[in-house]
Amino acid sequence: MQFRDLKAQYQALKPEIDAGIQAVIDSSAFILGKSVTELEGKLAEYVGRKHCVACGNGTDALQLALMIWGIGSGDAVFTSDFTYFASAGTSSILGATPILVDIDLDTFNMSPEALEAQIKRVLAEGKLTPKVIIPVDLFGQPANYDKILPIAEKYGLKVLEDGAQGFGGNIRGKMACSFGDISTTSFFPAKPLGCYGDGGAVFTDDDEVDARLRSLRAQGKSPMDKYDNREIGMNSRLDTLQAAILLPKFKAFVEFELSAVNQVADWYTERLSFKYKTPTVLDGFYSSWAQYTILLTNRDERDAMQAKLKGQGIPSMIYYPRGLHQQEAYRSMGLSDEMYPCTIDATNRCLSLPMHPYMTKADVDLITKNIID
Ligand SMILES: *Cc1c(COP(=O)(O)O)cnc(C)c1O
């Protein structure tokens, strides 16, 4: 059994994917070719935004967004403590200070109350200037924008939505990657919409931001002349091959994969919720189920469960084994576990189960039977 079965997906979509790859090779336009432009148009329309700018990966997408706002030394950027490193690392690499925020244990997403407390603390300390909030749509569920957007407004902060895991989710029909002033996603293979290598995208409604993103992803070039550099940019472009692979995968994602993963999540929850803490999807929220993560009673039970499943040939993962405040790279910030009780609790008890649109009811029955026994 696979944790995320990319081979089954390829078998289902093989003719279209193979034809797309061959067409790119025949064209020899390998970087930012026609398929990239087509993909950008389709994704922007799907999430309900004016512009989509494809780039090298989800990390670069975050960095490009922060560069648009000139984020750097002396700036505070608020993000979740329980996420992939890039949500915070991109601020650090630009010289800004990530301020890590504890989570809600029900959704694994940033706690709006903890966020406001951290903003107040930074303001009271007076050393850093609060600039940006990076809510993360963790495991496929949009962050709690109903509460976070008013906080951003109250303190005059920009919102950068890290939708790397959230693509396809929505809140009352408003799509993930439409909540931030700028939003980003990743096409890393295991994400809800993944390519066959690295890829990412940035979303905005602002024409000027769109133009600058197109420049910044290509060394700050002018729109007309590749060798006329207007500002300091990155080299972060999407390969045409990846866009050609993403086009049929996006079609399948919209037509059936998204509803299929929601069906799998329902099967899991029906079978496990009587005994285990299964994921909470907030009222009116819809998840794209990047992960299906349960909480066991304690670390010993979790570790024993993972070992037992492994013995039965069932893969599972610990997303995430530590909070960002516990990372060696952030040791010098001197952040204590006491500030992050919910992150610590989650790291001790979380277990992510196999999750992908090609799972059958029989797969879920087998996994849940092994968990319950
Ligand atoms: C995967 C991920 C990223 C980074 O995406 P890459 O394409 O791997 O650079 C950023 N944030 C979150 C929450 C992610 O899960």
Side-chain angles (χ1 to χ4, degrees), residues 3-4 6 36 39 43 52-67 77-94 98 100-101 103-104 107-110 132-145 148 159-169 176-177 179-180 182-203 217 234-239 241-243 245-246 249 287-293 317-325 327 329-330 343 346-347 350 352 355-356:
F3 187 72
R4 189 164 187 95
L6 297 174
V36 174
L39 180 73
L43 297 186
C52 167
V53 180
C55 65
N57 54 67
T59 306
D60 285 357
L62 291 168
Q63 185 174 331
L64 285 164
L66 293 169
M67 286 166 74
V77 179
F78 300 83
T79 196
S80 176
D81 186 43
F82 188 69
T83 175
Y84 182 62
F85 190 74
S87 308
T90 41
S91 298
S92 305
I93 215 157
L94 292 171
L100 304 171
V101 177
I103 55 166
D104 276 335
T107 60
F108 301 105
N109 276 330
M110 173 189 278
V132 180
I133 304 168
I134 307 184
V136 180
D137 304 336
L138 202 76
F139 300 158
Q141 177 167 207
N144 193 339
Y145 295 100
I148 292 172
V159 174
L160 169 51
E161 173 184 10
D162 182 350
Q165 298 182 21
F167 191 82
C177 296
F179 293 103
I182 300 178
S183 301
T184 63
T185 196
S186 162
F187 306 125
F188 180 80
K191 303 287 157 120
L193 178 63
C195 62
Y196 287 172
D198 278 310
V202 190
F203 297 90
R217 75 177 169 184
M234 301 173 70
N235 174 27
S236 186
R237 303 165 302 201
L238 188 69
D239 290 346
L241 279 170
Q242 299 303 346
I245 290 158
L246 281 164
K249 289 194 33 153
S287 177
S288 57
W289 296 106
Q291 304 295 341
Y292 188 93
T293 303
M317 302 291 283
I318 296 172
Y319 292 126
Y320 291 93
R322 55 187 74 79
L324 296 188
H325 78 277
Q327 295 288 358
Y330 286 144
T343 294
T347 59
C350 64
S352 301
M355 188 62 175
H356 60 82

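For reference, positions follow the sequence shown, starting with 1. Both counts, for ligands and for their atoms, begin at 1 and track the order of listing. Just so it is clear, the structure is predicted and the values come from calculations on it, not from any experiment.
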Closer than 4.0 Å to some heavy atom of [X] - which atoms of ligand 1 meet that?
X: V136; result: 13 (C)
X: S186; result: 5 (O), 6 (P), 7 (O)
X: S87; result: 11 (N), 13 (C)
X: G58; result: 4 (C), 5 (O), 6 (P), 7 (O), 9 (O)
X: N57; result: 7 (O), 9 (O)
X: K191; result: 1 (C), 2 (C), 3 (C), 5 (O), 14 (C), 15 (O)

Practice prompt. Specify the protein heavy atom at minimum distance from atom 9 (O) of ligand 1: its residue, its atom name, and the distance to 0.1 Å.
Written response: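 For this ligand atom, the closest protein heavy atom is T59 OG1, 2.5 Å.
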Fill in: Identity and separation of the nearest protein heavy atom to atom 11 (N) of ligand 1
D162 OD2, 2.7 Å
Worksheet item: Parallel under 30°, tilted from 30 to 60°, perpendicular over 60°: which one fits the rings of Y319 and F139?
Response: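 Y319 and F139: tilted rings.
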Could you tell me whether a side-chain N or O of [X] sits under 3.5 Å from a main-chain N or O of [Y], the two making a donor and an acceptor?
X: S236; Y: G56; answer: yes
X: D81; Y: L100; answer: no
X: T185; Y: A201; answer: no
X: E161; Y: C177; answer: yes

Worksheet item: Centre of Y84's six-membered ring, under 6.0 Å away, within 45 degrees of the axis: is that where NZ or CZ of K191 sits?
Response: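 Output yes; distance and angle both within limits.
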Worksheet entry | Side chain, backbone, both or neither: the part of T83 lying under 4.0 Å from ligand 1 by heavy atom | side chain
Worksheet entry | Polar proximity ligand 1 side, Y320 side, N/O cut 3.5 Å exclusive | no
Item to complete: Would you check the N or O atoms of D198, main chain and side chain alike, for any that come under 3.5 Å of an N or O of ligand 1?
Response: no
Response to the item:
The reported gap from OG1 in T83 to CD1 in I134 (rounded to nearest 0.5 angstrom) is 9.5 Å
Worksheet item: Can you find a side-chain donor-acceptor pair between Q141 and S287 that sits under 3.5 Å?
Response: no
